[in-house]
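Here's the structure we're looking at; comments come further down.
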Amino acid sequence: MTITSPQLGSSDAWTDARLLYALEEVVEKELNRHLKVAKDWMPHEYVPFSDGRNFPGIFDDGQAWEPEQSKVTDIGKIALVVNLLTEDNLPSYHHEIASLFGRDGAWGTWVHRWTAEEGRHGIVMRDYLLTSRAVDPDKLEAFRMQHMSEGFESDNRHSMLHSVAYVAFQELATRVSHRNTGHQSGDPVCDRMLARIATDENLHMVFYRNLLGAAFEIAPDLTMQSVRDVVVNFRMPGHGMPGFERAAAQMAIGEIYNMRIHHDDVLQPVLRYLKVLEIDGLGPEGLKAQEELGLYMNGLDAEASKFDEKLAARKARMAARAAS
């Protein structure tokens, strides 16, 4: 697969403004495609409100929260809180992409549409968690206040191309995390809700993935460097939330999101679809970035294999204890 950059001779000539302008038609095309295939849905239709009860407060009949009131598994509860707190930072995410992509034309229309669709996710997840009493509502609100009060700054806010590369992977990572959380939740209602959210996230991934492919067509060296940087330094957007590292470790063991899943189900599908490691015709910097990306992916695969072995050993020990 050979890619050349016919419009500008030097990578140095590609500023964010020029890239935004050059990709405007692609954004409009992808936006129109998205609007044709995206289905509107109502958050309230996915929440079992008839199961809800008052909490203590202004209601005299309020019932205090207790852990046993929920049918959701322990790992499901942990992942649901992480996923919801991630969605809660939508105002910061909107600010980031609106500042980078602008609020005018097709870019602006996409920014606002994406924000509106993402808003549903936080609405339905919070309503479900409170109605089903899956988590302590006081702690959930305290976490939300702490997380949002600290603010959010993207690792890729310095570059439009880095941001496009990041969201192409991150939207798929979020889809995978939601879908696996649903599978592990122990509640069919929760599973259906998260499947609906995951469908949105997949459509968002397709938009950004196709946009990233167009960026490779016009600025291959810069795009390759951006992809390399994003993949090597990838962090989920919720990394700054309270207790994230412990929760992430538990989610890894619970097979909701771990190195193997990150490699096989997030990074590889995007790289393979765009044939990133097969692109030729690159300049020296692009070629160097491509080689470093390939080496990183090989190293990550090796690390994931070590994790797989440890996880299998852990499962064997637990099974032996249960049988004794």
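Between the CZ atom in R103 and the CD1 atom in I97 there is a gap of 9.5 Å [rounded to 0.5 Å]. With rounding to the nearest 0.5 angstrom, the NZ atom of K29 is 8.0 Å from the CG atom of N210. Taken from CG in L130 to CE in M125, the straight-line distance is 11.5 Å, to the nearest 0.5 Å. One finds the NZ atom of K39 at 10.5 Å from the OG1 atom of T199 (value rounded to the nearest 0.5 Å). Taking NE2 of H34 as the reference point, atom CH2 of W114 lies at 11.5 Å (rounded to 0.5 Å). In this structure, L172 CG and D265 CG are separated by 8.0 Å, a value rounded to the nearest 0.5 Å.
Hydrophobic clustering (ILVMFWY, side-chain heavy atoms < 4.5 Å, transitive): L20 and L100 are in one cluster. Tracing side-chain contacts under 4.5 Å through hydrophobic residues (I, L, V, M, F, W, Y), one reaches L222 starting from L277; they form part of the same cluster. One hydrophobic cluster, built from ILVMFWY side chains closer than 4.5 Å, cannot hold both L203 and L35; they sit in different ones. The hydrophobic cluster containing M236 also contains V167, counting ILVMFWY residues as joined when their side-chain heavy atoms lie under 4.5 angstrom apart, directly or transitively. L161 and L293 fall within a single hydrophobic cluster, where Ile, Leu, Val, Met, Phe, Trp and Tyr are joined by side-chain heavy atoms under 4.5 Å apart, directly or via other members.
When the shell of 6.0 Å around CZ of R33 is examined, it contains more than 12 heavy atoms from other residues, nucleotides or ligands. A 6.0 Å sphere centred on CD of E25 holds no more than 12 heavy atoms belonging to other residues, nucleotides or ligands. Shown here is Y273, whose OH atom has no more than 12 heavy atoms of other residues, nucleotides or ligands within 6.0 Å. Environment of CE in M42: crowded, with over 12 heavy atoms of neighbouring residues, nucleotides or ligands closer than 6.0 Å. Annotation for D308: atom CG counts as buried by contact number, over 12 foreign heavy atoms lying within 6.0 Å. In this structure, E24 places its CD atom where more than 12 heavy-atom neighbours from other residues, nucleotides or ligands lie under 6.0 Å away. Within 6.0 Å of CD on E45 lie more than 12 heavy atoms contributed by other residues, nucleotides or ligands. Within a 6.0 Å radius of NE2 in H263, more than 12 heavy atoms belonging to other residues, nucleotides or ligands are found.
Taking the side chain as every heavy atom from C-beta outward, L80 and C190 approach each other to under 4.5 Å. Looking only at side-chain heavy atoms (C-beta outward), K77 and S70 come within less than 4.5 Å of each other. At a threshold of 4.5 Å between non-hydrogen side-chain atoms, the residues L274 and R209 count as touching. Looking at M241 and E150, their side chains never come closer than 4.5 Å, going by heavy atoms from C-beta outward. Considering only heavy atoms from C-beta on, L271 comes within 4.5 Å of V227 through its side chain. At a threshold of 4.5 Å between non-hydrogen side-chain atoms, the residues M251 and Q184 do not count as touching. With contacts defined as side-chain heavy-atom distances shorter than 4.5 Å, the pair H94/H112 qualifies. Residues I279 and L282 form a side-chain contact, since some pair of their non-hydrogen atoms from C-beta on lies under 4.5 Å apart.
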Take Q170 and T174 through the side chain to side chain donor-acceptor pair (under 3.5 Å) test and state the conclusion after the steps. CA-CA 6 Å; Q170 183 269 321; T174 306; 2.6 Å; yes
Given L84 and L140, is the side-chain contact (heavy atoms from CB on, under 4.5 Å) satisfied, shown in steps? CA-CA 9 Å; L84 175 56; L140 182 65; 4.0 Å; yes
Please step through side-chain contact (heavy atoms from CB on, under 4.5 Å) for the pair V26 and L211, ending with a clear verdict. CA-CA 7 Å; V26 179; L211 188 57; 4.0 Å; yes
Run the side-chain contact (heavy atoms from CB on, under 4.5 Å) check on F55 and D138 step by step: do they pass? CA-CA 10 Å; F55 288 102; D138 293 339; over 6 Å; no
Applying side chain to side chain donor-acceptor pair (under 3.5 Å), run through D51 and S132 and close with a yes or a no. CA-CA 7 Å; D51 293 346; S132 67; over 6 Å; no
Residues F307, L311; criterion side-chain contact (heavy atoms from CB on, under 4.5 Å); working and verdict: CA-CA 6 Å; F307 175 84; L311 185 60; 4.0 Å; yes
List the steps, then state whether salt bridge (Lys or Arg N to Asp or Glu O under 4.0 Å) holds for E292 with R228. CA-CA 7 Å; E292 290 175 347; R228 183 242 357 242; 2.7 Å; yes
Verify salt bridge (Lys or Arg N to Asp or Glu O under 4.0 Å) between R144 and E141, making sure each step is shown before the conclusion. CA-CA 5 Å; R144 187 191 71 85; E141 177 60 11; 2.8 Å; yes
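Side chain to side chain, R260 and S305 meet the donor-acceptor criterion of an N or O pair below 3.5 Å. Between the side chains of D187 and Y128, at least one donor N or O lies within less than 3.5 Å of an accepting N or O. No donor-acceptor contact under 3.5 angstrom links the side chains of H183 and E255, judged on distance only. A side-chain N or O of E201 and one of H121 form a donor-acceptor pair less than 3.5 Å apart. A side-chain donor-acceptor contact under 3.5 Å links N89 and H147.
Residue V82 comes nearest to A247 through the heavy atom pair CG2-CB, 3.6 Å, listed as atom of the first residue, atom of the second, then distance. When all heavy atoms of T181 and A79 are compared, the pair lying nearest together is OG1-CB, 3.3 Å. Listed here is the closest heavy atom pair of G286 and D221: CA-OD1, 3.3 Å. Heavy atoms only, all atoms of each residue included: A168 and V270 are closest at O-CG2, 4.0 Å. Across all non-hydrogen atoms, the minimal contact from A198 to R179 is CB-CD, 4.0 Å. In terms of heavy-atom proximity, A215 sits nearest to T223 at O-OG1, 3.1 Å.
Formation of a donor-acceptor pair under 3.5 Å by the R246 side chain with backbone atoms of G243 is not found in this model. Not a single donor-acceptor pair under 3.5 Å links the side chain of S177 to the backbone N or O of A173. Not one N or O on the side chain of D301 forms a donor-acceptor pair closer than 3.5 Å with the backbone of M297. Between the side chain of S163 and the backbone N or O of N156 there is at least one donor-acceptor pair closer than 3.5 Å. E118 contributes no side-chain N or O that, together with a main-chain N or O of L90, makes up a donor-acceptor pair within less than 3.5 Å.
Salt bridge status for R113 with D40: present, with a side-chain N to carboxylate O gap under 4.0 Å. In summary, R126 and D88 engage in a salt bridge, as defined by a charged side-chain N under 4.0 Å from a carboxylate O. A salt bridge does not link K288 with E285: every distance from a Lys NZ or Arg NE/NH1/NH2 to an Asp or Glu carboxylate oxygen is 4.0 Å or more.
A distance below 6.0 Å separates the ring centres of F234 and Y166. Annotation: W41 is in aromatic contact with Y46 [ring centroid separation under 6.0 Å]. Note: H44 and F49 fail the aromatic proximity criterion, with ring centroids not under 6.0 Å apart.
Note: H204 and W110 have perpendicular aromatic rings, judged against thresholds of 30 and 60 degrees for the angle between ring planes.
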